[in-house]
Amino acid sequence: MSRKHIALIYAGGTVGMTRTAQGFAPTPDFDSSLAKLLENQDASLPRYTLHAYESPIDSSNATPRDWQRIGRDIATRYNDYDGFVILHGTDTMAYTAAALSFMLQGLRKPVIMTGSQIPLSAPNSDAPHNMVTALQLAASDVINEVAIYFNGRLLRGNRATKVSITALDAFDSPNYPWLAETLPQLRFDMQALLPQADQEKFELPDYDDTLVLPLRFVPGLPVRAVRAMLDLAPRAVILQCYGAGNIPDRDPALLELLGRAHASGVVLVACSQSPQGKVSIGTYAAGAGMTAAGVIGTGDMGFEAIFAKLHHLLALGMTADAVRKEFLRNMSGELTD
Ligand code: ASP
């Protein structure tokens with residue numbers, strides 16, 4: 001069998017940065033440090049071609065347009081490579097991974113995102129391990145999805161979240177099993193992986209500045225704060241509720257407000273602030289009024305996936321009603337039916 005060929009897309013993040021007097025900044029000769037690292041690896045490593053973005057970004061600057069750029073870059077090169085590795089900052093990697101999973105549905109090759117907590121140029125960096133393993137995983141025959149690899153864990157991209165600011169175990173998928181562990185040796189969870197689709201179904205709409213806003217409930221959140229947010233005319237609002245999907249119902253003004261927003265075409269979805277389990281609005285009386293107000297639950301989807309999915313469906317030009325319906329359909333393994 002011929003050696004596999006992987007596209008290595010460097011979009012930004014700590015991995016390719018160097019400490020400067022002004023803080024971390026992109027390493028000017030990242031290509032050569034990468035080549036140096038990979039030339040010493042054994043021949044089991046696939047061949048790779050680096051596509052480095054001209055202006056790599058700190059991923060906290062990413063917008064849905066950056067997701068779109070990466071999605072399109074993968075789609076246009078899809079037939080030229082056996083797999084893809086995306087080097088990306090950790091801060092918003094889970095959002096990009098989720099968005100890619102919606103753009104690149106029915107993938108029949110691996111798309112592995114990785115990065116590092118410590119730059120490749122610094123001592124004791126986690127970058128060499130993450131990058132080498134990500135390249136190996138991108139050459140695998142059993143991965144047919146967008147995944148995040150970090151420090152021994154392979155996670156479904158649209159189920160992952162950044163859980164640590166400094167630990168090398170930067171990511172977890174608290175509501176879905178890991179797809180594989182690589183330490184001490186590679187072991188896939190075949191039940192957890194997506195099966196290979198018959199056909200790719202790529203959707204690459206123009207992502208724009210559509211307002212999808214998060215609203216996190218905190219004890220005593222004034223209704224006027226919710227009103228002020230709805231006055232911005234968002235297309236969708238993610239209500240980050242308590243537990244099973246509860247919000248305060250002592251002041252009827254809140255539900256009235258939500259009901260009016262729903263009627264005017266705002267898509268309202270309710271997720272939980274708890275990372276594990278499944279939202280079921282109406283379990284408690286305090287959440288029951290939400291259904292009447294048109295709010296829909298998010299099942300066991302994670303926040304990043306919810307945010308990216310709403311952007312994706314809205315970018316496809318759907319009406320609010322169509323978004324509400326499509327949103328509850330599993331598109332890429334982000335939702336347990
Ligand atoms: N701020 C960086 C980023 O997300 C952090 C990192 O890469 O770990 O781009």
Side-chain angles (χ1 to χ4, degrees), residues 7-31 33-34 37-38 50-71 73-74 84-101 103 111-135 137-138 146-174 178 182 207 214 275 302-305 307-308 311:
L8 181 60
I9 297 179
Y10 170 51
T14 299
V15 60
M17 295 192 180
T18 305
R19 195 185 292 279
T20 69
Q22 289 76 41
F24 286 122
T27 310
D29 53 353
F30 183 58
D31 300 29
S33 358
L34 201 63
L37 163 76
L38 298 173
L50 178 67
H51 300 275
Y53 285 0
E54 225 165 81
S55 317
I57 58 167
D58 185 305
S59 77
S60 42
N61 283 316
T63 70
R65 285 187 221 276
D66 294 287
W67 309 341
Q68 178 185 304
R69 175 179 185 189
I70 300 172
D73 283 344
I74 296 171
F84 295 81
V85 170
I86 318 296
L87 299 178
H88 191 287
T90 57
D91 286 342
T92 64
M93 187 184 294
Y95 291 89
T96 305
L100 290 176
S101 79
M103 286 183 261
V111 172
I112 311 292
M113 298 191 72
T114 195
S116 66
Q117 293 282 44
I118 304 164
L120 177 63
S121 58
N124 302 319
S125 170
D126 50 336
H129 168 81
N130 287 346
M131 290 200 295
V132 167
T133 315
L135 279 169
L137 289 165
V146 179
I148 290 183
Y149 179 73
F150 244 82
N151 199 40
R153 301 174 182 177
L154 184 72
L155 310 170
R156 173 158 303 156
N158 57 33
R159 295 281 196 163
T161 191
K162 181 171 175 176
V163 291
S164 177
I165 299 165
T166 46
L168 302 188
D169 286 327
F171 289 90
D172 202 348
S173 58
W178 299 350
T182 67
Y207 285 172
F303 181 80
E304 293 89 338
F307 183 75
H311 262 287

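In listed order, ligands and their atoms are each counted from 1.
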task = Using distance alone, with no hydrogens and no angle criterion, decide if Y95 and S59 have a side-chain donor and acceptor under 3.5 Å apart.
result = no
remark   = Residues at least two apart in sequence or cross-chain that pass side chain to side chain contact (heavy atoms under 4.5 Å, CB included) with N61, listed by chain then number, are D58
task = Look at the rings of Y10 and F30 and say which category their plane angle falls in: under 30° parallel, 30 to 60° tilted, over 60° perpendicular.
result = tilted
inquiry  = Quick test of your reading: applying side-chain hydrogen bond (donor to acceptor under 3.5 Å, both in side chains), list the pairs with at least one residue in residues 156-169, sequence neighbours left out, ordered by first then second residue.
reply    = T90-K162, D91-K162, S101-N158, E145-R156, N151-D169, R156-Y176, R159-D300, R159-T336, T161-E304
query = With Y53, which residues qualify under ring-ring contact (aromatic ring centres under 6.0 Å, His included), at least two apart?
reply = none
Under 4.0 Å from ligand 1, counting heavy atoms only: the protein residues, by chain and number = G13, T14, D58, S59, G89, T90, D91, S116
inquiry  = Could you check whether any side-chain heavy atom of H51 comes within less than 4.5 Å of a side-chain heavy atom of L8, counting everything from C-beta outward?
reply    = no
